[in-house]
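The figures here come from the full heavy-atom set of this structure, side chains too, leaving out hydrogens, waters and symmetry mates.
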Amino acid sequence: MRKYCAEFIGTFVLVFLGTGTVAIANTGETAIGYLGIGLAFGLAVTIMACAVGGVSGGNFNPAVSLAMMLNKRLEVKDGIFYIISQFLGAIAASGVLSIFMNALGLPKDGFGQTDFPNITAGQAFLFEAIITFLFVFVILMVTSKKYGNAGLAPLVGSAIASFAAKFMGSEEA
């Protein structure tokens, strides 16, 4: 049960800080920008990996949990409960963000959605698929007992998040 709580908390913090940065801190004259958004996601993962990664492995993402199951680095039963915990953590964080956004008078219709300028839905889907593949591939390789260097995982995760944030944002932010 401790592992599932760790995944819930880790995912809650990831969504709360990451999405909160997009939806709240990236508005108005004090907008944090693409690098700030990428750093928010990367630092959220790093902080939670340090805080609860020793308990659950620090997946905080259903795609990572699925990849860990497929690579037999996470039992299917645990993987299913990780994914459930991650969904619940994300929903809870979104609910709390909704309360803050309402209190700040911010619109909740976009909730920090990706704003792909000048590309089709298919191209956006392809981009998301490629970035998710790279993200999961890097996590699998960096945490591999044979090939990896787990000490670099937070740095690599932050770099991928920053790269993705730059390419996902519009020119207007």
Side-chain angles (χ1 to χ4, degrees), residues 1-26 32-100 111-112 114 127-168:
M1 182 56 99
R2 220 179 311 195
K3 298 183 283 191
Y4 312 136
C5 288
E7 286 297 311
F8 175 92
I9 293 167
T11 305
F12 179 95
V13 170
L14 173 62
V15 171
F16 184 75
L17 293 179
T19 304
T21 299
V22 173
I24 296 172
N26 200 38
I32 196 165
Y34 305 129
L35 182 58
I37 293 168
L39 288 173
F41 279 102
L43 289 173
V45 170
T46 302
I47 290 165
M48 293 316 299
C50 292
V52 297
V55 177
S56 68
N59 294 352
F60 315 137
N61 183 317
V64 175
S65 295
L66 179 62
M68 293 295 185
M69 284 190 294
L70 292 174
N71 279 276
K72 301 189 185 336
R73 291 164 60 181
L74 180 64
E75 291 183 27
V76 173
K77 175 189 158 245
D78 283 335
I80 290 168
F81 284 108
Y82 274 32
I83 291 170
I84 292 169
S85 299
Q86 292 158 356
F87 273 104
L88 293 174
I91 290 167
S94 296
V96 172
L97 279 174
S98 181
I99 292 168
F100 284 119
F111 225 77
T114 302
F127 178 82
E128 290 286 352
I130 291 169
I131 288 296
T132 301
F133 168 78
L134 291 173
F135 176 68
V136 172
F137 176 74
V138 168
I139 288 172
L140 288 174
M141 293 307 291
V142 168
T143 60
S144 166
K145 288 182 182 173
K146 186 174 181 181
Y147 303 108
N149 183 346
L152 292 177
L155 175 65
V156 172
S158 294
I160 290 174
S162 297
F163 170 79
K166 173 62 181 159
F167 284 93
M168 289 189 301

Handout entry: Interatomic distance, L14 atom CG to I9 atom CD1 [nearest 0.5 angstrom]
Key = 13.5 Å
Completion exercise
The reported gap from CG in L66 to CE in M69 (rounded to nearest 0.5 angstrom) is 5.0 Å
Handout entry: Shortest non-hydrogen separation from V15 to L97 and the atoms involved
Key = O-CD1, 3.8 Å
Exercise for the section: Using a 4.5 Å cut-off on heavy atoms from C-beta on, say whether the side chain of V22 contacts that of F41. Expected result: yes
Exercise for the section: Might you work through the side chain to side chain contact (heavy atoms under 4.5 Å, CB included) test for L17 and L43, ending with a clear yes or no? Expected result: CA-CA 9 Å; L17 293 179; L43 289 173; over 6 Å; no
Completion exercise
Rounded to the nearest 0.5 angstrom, the CG-CD1 distance for L134 and I139 is 11.0 Å
Exercise for the section: Decide yes or no on side chain to side chain contact (heavy atoms under 4.5 Å, CB included) for L140 and R73, but give the supporting numbers first. Expected result: CA-CA 10 Å; L140 288 174; R73 291 164 60 181; 3.6 Å; yes
Exercise for the section: Return the minimal non-hydrogen interatomic distance between V136 and A67, and the atom names on each side. Expected result: CG1-CB, 3.2 Å
Practice task
Compare every heavy atom of V13 with every heavy atom of A44, then report the nearest pair and how far apart it is.
Solution key: CB-O, 4.1 Å
Practice task
Please lay out, stage by stage, how T11 and S85 fare under the test side chain to side chain contact (heavy atoms under 4.5 Å, CB included).
Solution key: CA-CA 8 Å; T11 305; S85 299; over 6 Å; no
Problem - Residue pair V52 / F60, side-chain heavy-atom distance below 4.5 Å - result: yes
Practice task
On the 0 to 90° scale, with breaks at 30° and 60°, tag the Y82-Y4 ring pair as parallel, tilted or perpendicular.
Solution key: perpendicular
Problem - For S56, side-chain hydrogen bond (donor to acceptor under 3.5 Å, both in side chains) partners two or more places apart - result: E7
Handout entry: Spatial distance of atom CG (L39) from atom CD1 (I32) [nearest 0.5 Å]
Key = 8.0 Å
Handout entry: Nearest-0.5 Å distance, OG1 of residue T143 to CG of residue N71
Key = 8.5 Å
Problem - Non-hydrogen side-chain atoms of L74 and S65 separated by less than 4.5 Å - result: yes
Handout entry: M68/D78 under side chain to side chain contact (heavy atoms under 4.5 Å, CB included): CA gap, chis, key distance, verdict
Key = CA-CA 10 Å; M68 293 295 185; D78 283 335; over 6 Å; no
Practice task
Taking all non-hydrogen atoms of both residues into account, name the closest pair between F87 and P62 and its distance.
Solution key: CE1-CG, 4.1 Å
